[in-house]
Amino acid sequence: MEAKDFNLEHAAIAWCPGCGNFGILNALKGALAELDIAPEGLVMVSGIGQAAKTPHYLKCNFFNGLHGRALPAATAIKAANPGLTVIAESGDGDMYGEGGNHWLHTIRRNPNLTNLVHDNMVYGLTKGQASPTSPQGMITPVQVRGVVNEPFNPLAAAIALDASFVARAFSGDLQQTKEILKQAIRHPGYALVDILHPCVSFNKLNTFQWFKEHTEYLDAGHDPSDREAAFAQALRTDRLPLGVFYLNRERRPFEETLPAYADRSEPLYRRRPDLAKLAAVIATRRD
Amino acid sequence: MSQTNQATPSRTGVTVVIAGEAGQGIQTVEYLLAKILKSEGYHIFASKEYMSRIRGGANSTAIRVSSARVAAYAAGIDLLVALDREAPAHLADRLSPATIIVGDAAGLGLDRPVLDIPFAAIAAAAGNKLFANSVASGAVAGLFQVDFAGVERAIAAYFRGKPQAMVDQNIAAARTGYEAGRELAAAGRAGLTPPDKDAAVAGDPIINGSEALALGAVAGGCNFIASYPMSPGTGVLIYLSQFAADFGIVAEQAEDEIAAINMGLGAWYAGARAMVSTSGGGFALMTEAVSLAGMIESPMVIHIAGRPGPATGLPTRTEQGDLELALYAGHGEFPRLILAPRSIDAAFYRTAEAFQLADRFQVPVFILTDQFLVDSFLNLPELDPAGLENEPRIVATPADYRRYELTPDGLSPRGIPGHGAGLVGVDSDEHDEAGHITEDLELRVRMVDKRLRKLELLRTDLVPPLFHGPADYRTLVVGWGSTYPAIREALAGLDRPDVAQLHLEQVYPLPPSAVAYLQKAERIILVENNATGQFGKLLRQETGRAASDRILKYNGMPFAVEELAERFAALLTADTAAEGSAV
């Protein structure tokens, strides 16, 4: 398959010219094509925000639901039909702010899905308020004296929660982002990819140039199975490391722990209740 | 709460109440007696009232033991098994001079006769004071003069898997209690007249309301439940979790109610049949996603087990207080269906139907019950899953599939991802036929019209109302949901050829035949377990008919047969009925 197989004709893209979302979209198309995932077997699940519109610009099945609620829906879609490739994609505000509790518990559950977070450190769709990852001091129409809250560190939090795959990418590097996405999608379990990207309209601090100057790839010697090393890298602020920080191959995916799939694998839509067995259960209430 | 005892003609059989602190094992006695008395040939119906605490407090279970099927709460007590000193005072309103009290006479310290059976002392002698439950169960069985073999069977079944010595000690404890009860009865000192037996009863299943809902869900093809525990809605989650392995159900305890219902919608999108079970406070958190269900035209089954609000209210009590919440939950305008089972067996069938109706109309379907219904249990006539429809209404998608294809009746063929050559897109924004975001305002109007056309499809007798009484009635007693058995039993005790009963299980949209019955009535008496007459407001809004009289109860307890009989009698004999004053 090729990246253009995921092109959606007549899609009227609502992103600003130069938006980092374009880079992520292109990297994603490339990754899907190289992994040979057909649009019919792919479900993109998103919340609300500019990043959440991605499924409208990509040929796929999609569930574009509510603000912050992509992960519960995505978890259930995967649990109802484990044969689908499920990608939950949205912005930093949607995933870490409005959906923070779901994010936390999805990591605990470990469904086999890929969680892409377009992290531009600002609220774009509502025009420039602080997001959970906005740096301290950023002045916005709401945070008029500058952001005072400590920025949320999604990588450190995910590693602390023993997320089974934790990575960071930068939308300005199409090739490397594509490779990280491929690893994340292939990973059997919850995979977080926090993708740094500029908001050309509302974030004047974390620009394309700023990211170029403040990021670097993890050393080739970084061992992603070393949780403490991964945690140390996640805490770095001098430069923001990129790449796969942490990988835990021991955790079982959520779907595989479900009794519903213990002795059969067909998706739920192919199942009918065994009414004779149900009658037998009712009969046990006779004595 | 006050009502007459014993003499009320509508009461059949005997009411046995077990009362004591939480933690004393009232539910064990309830379970054992229900099994023992049913297997002996008595109809049983048990409902409980309890405090929101794990230990202590004052709680009771009432078991109606009768020769005919009963399913309503009756307040009067014929036999009180008092497990602690507080029990008689806690139930003072429901006791009469004829009430037989059995317990440790010295410990209870009452200035009225008590059938003295010192449960705790007998239990301690048998090995452990915790065996008092078995002593009490045996004592009641003795008073009913049943065969002890039934007691032994019930105890063995209850303690299945426990050490044999413990089972034997409990049976020994029960036997001492049983002998004490039987001697009192044989000596004519008990004053208890057991009802006639009905041998056919022994083969009936005993099922509680939550379990009936869960079994009905399985019958209806439910294979996914996500919920956050909240009394009294938790029971359905528990039962479906227990059925998960055998029936291939995905059962997940969500991190909150918001996650639960979004999981439910995701599951339906991928082809599962999903439900959530909660109470009003939990459902309040779900309203955002009810709106999403409306917009993406997703089927959804939502069970709300009512308890008194607002906020945390009375967590363990009952109320029909959430009809308006279900009716108006979610922003924007979209169709929905609200069902309210009238009884435990109806809960089984309505829940099964809810999945079919949700799937067929692609709307959220509510099942409104309440603590009284879900926590009660009884012996049931046949619950028959055979023949219940549970075939999903999904289509294999063609390559050019559009999820929201504009159709004359508003129903678009529902595809799911991975089943067919097409792509399935759903969006919470206003969307085009393919599910993509649109700001085309002309298309917006067509999509709203499409969704609302489904409301007209729902405005039929999907679940017909129940009507009992003469065709030429003058007065119509109207109720909905779990009040049915109490209204029915109370009316049966009144000999009024001009009074009929209309009961709704499909409460929204109103079935057309119900509207016809209402229009024909000269006088409408509305019965609701809430303070503002929510269903009465809906009736007036939909039909223009206001209730003439309202009987409302909102102290957290269900309607008792006796109190409804009194209220009906008073209203029907009053010369100057307050016509049209209510609502």
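Predicted, not measured: the structure shown is a model, and the values here were computed from it. Throughout, a chain's letter reflects where its sequence line sits, starting with A, and its residues are numbered from 1.
For the atom pair CG of B/Asn262 and CG of A/Leu71, the computed distance is 10.5 Å after rounding to the nearest 0.5 Å. Of the inter-residue distances, the one linking B/Leu380 atom CG with A/Arg285 atom CZ reads 12.0 Å to the nearest 0.5 angstrom. Atom CD1 in B/Ile261 sits 9.5 Å away from atom CG in A/Leu66 (nearest 0.5 Å). Atom CD1 in B/Ile207 sits 8.5 Å away from atom CZ in A/Arg286 (nearest 0.5 Å). Separation of atoms CD1 (B/Ile206) and CD1 (A/Ile282) is listed at 14.5 Å; rounding is to 0.5 Å. The distance from the CG atom of B/Asp427 to the NZ atom of A/Lys53 is 10.0 Å, given to the nearest 0.5 Å.
Residue A/Pro267: no heavy atom, backbone or side chain, is found under 4.5 Å from chain B. Looking at B/Ile394, only its side chain comes within 4.5 Å of chain A, counting heavy atoms on both sides. Proximity to chain B (any heavy atom under 4.5 Å) is restricted, for A/Arg109, to the side chain, taken from C-beta onward. Within the 4.5 angstrom heavy-atom criterion, no atom of A/Val45 approaches chain B. For A/Asp287, the part lying near chain B is the backbone, with the side chain staying farther off; criterion is any non-hydrogen pair under 4.5 Å.
For the 3.5 Å distance criterion, the side chains of A/Asn64 and B/Asp429 fail to qualify, holding no donor opposite an acceptor.
Annotation: side-chain hydrogen bond (donor to acceptor under 3.5 Å, both in side chains) contacts of B/Asn379 (sequence neighbours excluded): B/His43, B/Asp204.
Of residues 288-296 of chain B, those residues with a non-hydrogen atom less than 4.5 Å from any non-hydrogen atom of chain A are, in numerical order, B/Glu288, B/Ala289, B/Leu292, B/Ile296.
Relative orientation of the B/Tyr269 and A/Phe63 rings is perpendicular, given thresholds of 30° and 60° on the angle between their planes.
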